[in-house]
Amino acid sequence: MKLVVVSAGLSVPSSTRLLADRLAAATGRYTSVDVQVVELRDLAVEIAHNFTSGFPGRALSAALEAVTEADGLIVVTPVFSASYSGLFKSFFDVLDQDALTGKPVLIAATGGSARHSLVLEHALRPLFAYLRAVVVPTAVYAASEDWGAEGLAERIDRAAGELGRLMEGLGSGAGAVRRADVADTADAADAAERADASERADASEVVDTDTAAAIAPRSLDGALASADRFTVIPFEQQLAALRP
């Protein structure tokens, strides 16, 4: 299976890339994957040009295709102004809006302080939920003091295990749920719901004979006698029956 790692780190070396590599290596211990790394730093100019021209360059086009065709994603961003970086957001802005539907995604971030760890829940998770990705429960944040300290390795291993098992479940095996099948099922359900609503609307315009007989005045019994299943009662007859 194909695992694509999207790293938004800007410096060289980068703690963001280091975390991305460790997450990818840990995922490989749970399922067999071919790893491809997309460095957004190298695509910054093409991403900007895509916004102004509407067309991706060759390198950006290859990166977008890799993300679209991946069986799973690891996305890692540095924290800028208490959120993901602008470069990180811009890349997913130029990605096709349906590219991540049903795709397993592991979210992670790096920052200088542990106080920014909530960026995972108030920024990254809502972003990928909006893109209809399947975000693994465990997200990984690495502050400067976390490197070499206890706890980070365990979080990496737990998140990687969740991603690996999710990729296995969605990507192969008997009874596996394919992303295309999910999309087709959703479309079919929408069509069925619209058809059902249309039938209900049509039915509401027809008065059943039994219902009409139950609610009509007794003086209209003769008017209701009909071999047809449905009877239309002229308004004049209804009005006459209501007169004293």
Side-chain angles (χ1 to χ4, degrees), residues 1-9 16-43 46-47 56 58-77 84 87-110 120 124-142 153 155-188:
M1 286 186 290
K2 184 178 180 181
L3 174 64
V4 173
V5 179
V6 178
S7 172
T16 300
R17 174 61 188 272
L18 177 59
L19 179 58
D21 289 342
R22 290 186 61 177
L23 287 166
T27 303
R29 293 195 291 269
Y30 287 92
T31 185
S32 178
V33 291
D34 294 323
V35 179
Q36 179 179 346
V37 178
V38 174
E39 281 279 10
L40 298 188
R41 178 174 58 87
D42 300 332
L43 302 173
E46 289 195 18
I47 291 173
R58 181 175 300 177
L60 177 58
S61 181
L64 295 174
E65 182 179 357
V67 168
T68 301
E69 295 180 352
D71 296 300
L73 287 181
I74 294 174
V75 297
V76 191
T77 178
Y84 36 66
L87 179 60
F88 181 87
K89 180 61 162 57
S90 295
F91 176 76
F92 290 100
D93 282 342
V94 300
L95 185 69
D96 185 88
Q97 63 178 358
D98 296 322
L100 300 187
T101 300
K103 196 183 300 294
V105 176
L106 191 165
I107 57 174
T110 59
L120 296 167
L124 280 168
R125 196 177 295 277
L127 170 63
F128 288 96
Y130 173 78
L131 294 173
R132 293 180 291 180
V134 181
V135 185
V136 302
T138 300
V140 180
Y141 180 83
R155 294 198 303 275
I156 290 174
D157 187 69
R158 182 168 63 248
E162 292 169 355
L163 178 62
R165 289 188 289 271
L166 192 56
M167 290 175 64
E168 288 281 356
L170 294 179
S172 62
V177 179
R178 302 285 183 176
R179 289 190 295 274
D181 294 340
V182 172
D184 291 344
T185 301
D187 291 342

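The basis for the numbers below is simple: all heavy atoms, side chains too, and nothing from hydrogens, waters or symmetry mates.
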Side chain to side chain contact (heavy atoms under 4.5 Å, CB included) test vs Tyr30 passes for just one of Leu163, Asp157, Leu166, namely Asp157
Between Thr16, Leu87, Leu124, which is the residue that forms a side chain to side chain contact (heavy atoms under 4.5 Å, CB included) with Thr77?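 Of all the options given, the one that passes is Leu124.
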How many angstroms lie between atom [atom1] of [X] and atom [atom2] of [Y], to the nearest 0.5 angstrom?
X: Ile107; Y: Arg125; atom1: CD1; atom2: CZ; answer: 4.5 Å
X: Phe128; Y: Lys103; atom1: CZ; atom2: NZ; answer: 11.5 Å
X: Leu120; Y: Tyr84; atom1: CG; atom2: OH; answer: 12.5 Å
X: Glu65; Y: Leu60; atom1: CD; atom2: CG; answer: 11.5 Å
X: Leu131; Y: Leu95; atom1: CG; atom2: CG; answer: 7.5 Å

side-chain contact (heavy atoms from CB on, under 4.5 Å) between Asp98 and Arg132, worked out: CA-CA 8 Å; Asp98 296 322; Arg132 293 180 291 180; 2.3 Å; yes
Holding to side chain to side chain donor-acceptor pair (under 3.5 Å), I want the full list of residues that pass it with [X], two or more places apart in sequence or in another chain.
X: Tyr141; value: none
X: Asp96; value: none
X: Asp34; value: none

Main-chain N/O of Glu69 paired to Lys2 side chain as donor or acceptor, under 3.5 Å: no
Check against side-chain contact (heavy atoms from CB on, under 4.5 Å), Leu64 and Phe91: CA-CA 9 Å; Leu64 295 174; Phe91 176 76; 3.6 Å; yes
Do you know the tightest heavy-atom contact between [X] and [Y]?
X: Ala108; Y: Leu23; value: CB-CD1, 3.6 Å
X: Gly164; Y: Thr31; value: CA-CG2, 3.8 Å
X: Asp71; Y: Met167; value: O-CG, 3.8 Å
X: Ala99; Y: Thr68; value: CB-OG1, 3.6 Å
X: Ala20; Y: Val5; value: CB-CG1, 3.5 Å
X: Ala159; Y: Val140; value: CB-CG2, 3.7 Å

Any chance you could lay out the side-chain contact (heavy atoms from CB on, under 4.5 Å) test for Leu100 and Val67, step after step, and finish with the verdict? CA-CA 8 Å; Leu100 300 187; Val67 168; 3.8 Å; yes
Stepwise, does the side-chain contact (heavy atoms from CB on, under 4.5 Å) test hold for Leu106 with Glu162? CA-CA 9 Å; Leu106 191 165; Glu162 292 169 355; over 6 Å; no
